[in-house]
Number of protein chains: 2
Amino acid sequence: MKQQRDTKQRRLVLDIVCAHSDHPSADQIYLDVRMADKKISRGTVYRNLKVLVRQGQILHVRLPTTDRYESRTDMHYHLLCVDCGAICDIPLLYNEKLDKQASLKTGYIIKRHRTIFEGVCPSCSTMKEQ
Amino acid sequence: MKQQRDTKQRRLVLDIVCAHSDHPSADQIYLDVRMADKKISRGTVYRNLKVLVRQGQILHVRLPTTDRYESRTDMHYHLLCVDCGAICDIPLLYNEKLDKQASLKTGYIIKRHRTIFEGVCPSCSTMKEQ
DNA sequence: ATGGGTGCAAAGTGTTTGCAAGTAT
DNA sequence: ATACTTGCAAACACTTTGCACCCAT
């Protein structure tokens, strides 16, 4: 891995991700970062998100329309409200045994799995009843 | 759900998806469909894939760069080779209990979950050894 | 005849990249 | 001094859409 430098842009991107608890998208991060520094470009935000993910400083969550980021870095699962698009962490343990089983059954070297639950959040479901 | 018609384009898209066992992308499907009918447009393929997914006739698999489709319609998990991009079904049972647990812990109405395993396939891993 | 479907091309999204200038080491 | 980073804008990849015409029902 090539040597990384400590730039104010990179620090700012990391800070913003850490300041969020709602799994912001690259663009939301960009907008926030812009409030602190009017000169930062989208490209820089995207590049730094990639570097931070590779370094393991932030986590990358793949979602339908846009990828999201978060500062919690232990493996865990996510829950998406298919109505309002809200996303949250889900209090279930990462199942490492699954990776072993999958490896045995397929012959692949399994690194991990990603699980996204899809459902309707409480506030969206009460809204529907009315 | 609005009334659907039976067009030769829609039938063709479904046939092509069924003829594949390798989780083709919309573009791969488009190219195949074009071999049978030179006039079909990308828009039509995308629109029909959407209709077929909504009707439950095909399954939609969300992957990093492009979405994929397959004719097997029961809930199951997928395995992606992060080196060559190949994707395959994985012989593990869909865990319905997880949805119940997630629902109890979060208060969401959980409809389903999607799990993607990430690893390196046998042929990519032997290639690396050399 | 009616309203869903099609082809086309243009417009969207979200993300990446080439380049010249800037800056951390 | 070196080579990683940046801002900018252009380019990308994938998907959606408006529109006028077409066709299954």
Side-chain angles (χ1 to χ4, degrees), chain A residues 1-17 20 22-55 57-70 80 82 85 87 116, chain B residues 1-17 23-55 57-70 80 82 85 87 116:
Chain A
M1 195 185 286
K2 83 181 166 185
Q3 167 73 12
Q4 307 290 350
R5 289 183 185 172
D6 178 32
T7 65
K8 86 171 188 304
Q9 290 88 338
R10 184 162 303 154
R11 242 176 297 126
L12 204 44
V13 170
L14 178 57
D15 287 351
I16 295 297
V17 175
H20 273 267
D22 61 342
H23 308 79
S25 65
D27 203 63
Q28 288 170 316
I29 295 162
Y30 166 72
L31 292 173
D32 273 22
V33 158
R34 287 286 280 202
M35 307 218 291
D37 179 345
K38 283 288 176 212
K39 296 236 195 59
I40 280 197
S41 71
R42 273 202 173 71
T44 295
V45 171
Y46 276 97
R47 280 184 289 232
N48 279 318
L49 286 170
K50 218 171 232 185
V51 170
L52 292 167
V53 167
R54 191 170 13 136
Q55 292 181 334
Q57 296 196 258
I58 62 177
L59 217 72
H60 171 210
V61 187
R62 295 188 203 294
L63 286 196
T65 37
T66 329
D67 286 357
R68 310 285 201 97
Y69 299 87
E70 71 175 317
L80 170 72
V82 294
I87 173 166
I116 308 276
Chain B
M1 195 186 288
K2 83 180 162 183
Q3 167 75 14
Q4 306 292 348
R5 291 183 185 175
D6 178 30
T7 65
K8 84 171 190 301
Q9 290 89 338
R10 184 164 301 155
R11 244 175 295 125
L12 205 43
V13 169
L14 177 57
D15 288 350
I16 294 296
V17 174
H23 308 80
S25 66
D27 203 62
Q28 290 171 315
I29 294 162
Y30 166 73
L31 292 173
D32 272 23
V33 158
R34 286 287 279 204
M35 308 221 288
D37 180 346
K38 284 287 175 212
K39 298 238 193 62
I40 280 196
S41 70
R42 272 203 173 72
T44 296
V45 170
Y46 276 98
R47 280 184 287 231
N48 279 317
L49 285 170
K50 218 171 230 183
V51 171
L52 292 168
V53 167
R54 191 169 16 138
Q55 293 182 334
Q57 297 197 257
I58 62 176
L59 218 72
H60 171 209
V61 187
R62 296 189 205 291
L63 286 196
T65 36
T66 328
D67 287 358
R68 311 286 201 97
Y69 299 88
E70 71 176 319
L80 170 71
V82 295
I87 172 166
I116 308 275

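Proteins come first, then strands; the chains are lettered A, B, ... in the order of their sequence lines, and each starts at number 1.
Distance B:Leu52 CG to C:dG5 C1': 13 Å, rounded to the nearest Å. Taking atom CG of B:Leu49 as the reference point, atom P of C:dG5 lies 14 Å away to the nearest angstrom.
Contacts of A:Thr65 with the nucleic acid, taken as non-hydrogen atoms under 4.0 Å apart, involve only primed sugar atoms and P, OP1 or OP2. Within 4.0 Å (heavy atoms only), A:Asp27 reaches no atom of the nucleic acid at all.
The pair A:Arg42-A:Asp27 counts as a salt bridge, with a side-chain nitrogen and a carboxylate oxygen less than 4.0 angstrom apart.
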Legend entry - Annotated protein contacts, base or backbone, on nucleotides 16-25 of chain C with a non-hydrogen cut-off under 4.0 Å, one of B, S, - each: BBB----BBS

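Near DNA chain D, defined here as any heavy-atom distance below 4.0 Å, there are no residues from residues 32-40 of chain B.
Residues A:Leu80 and A:Pro64 have side chains in contact (heavy-atom distance under 4.5 Å, counting atoms from C-beta outward). Using a 4.5 Å cut-off on side-chain heavy atoms (C-beta onward), A:Ile16 and A:His20 make contact. Taking 4.5 Å as the limit, every side-chain heavy atom of B:Thr66 sits out of range of all side-chain heavy atoms of B:Gln28.
Protein chain B touches strand DNA chain D; the 5'-most and 3'-most nucleotides with an atom under 4.0 angstrom of its non-hydrogen atoms are D:dC14 to D:dT25.
Distance CD/B:Gln4 to CZ/B:Arg54: 5.5 Å, rounded to 0.5 Å.
Aromatic pair B:His23/B:Tyr69: centroids not less than 6.0 angstrom apart.
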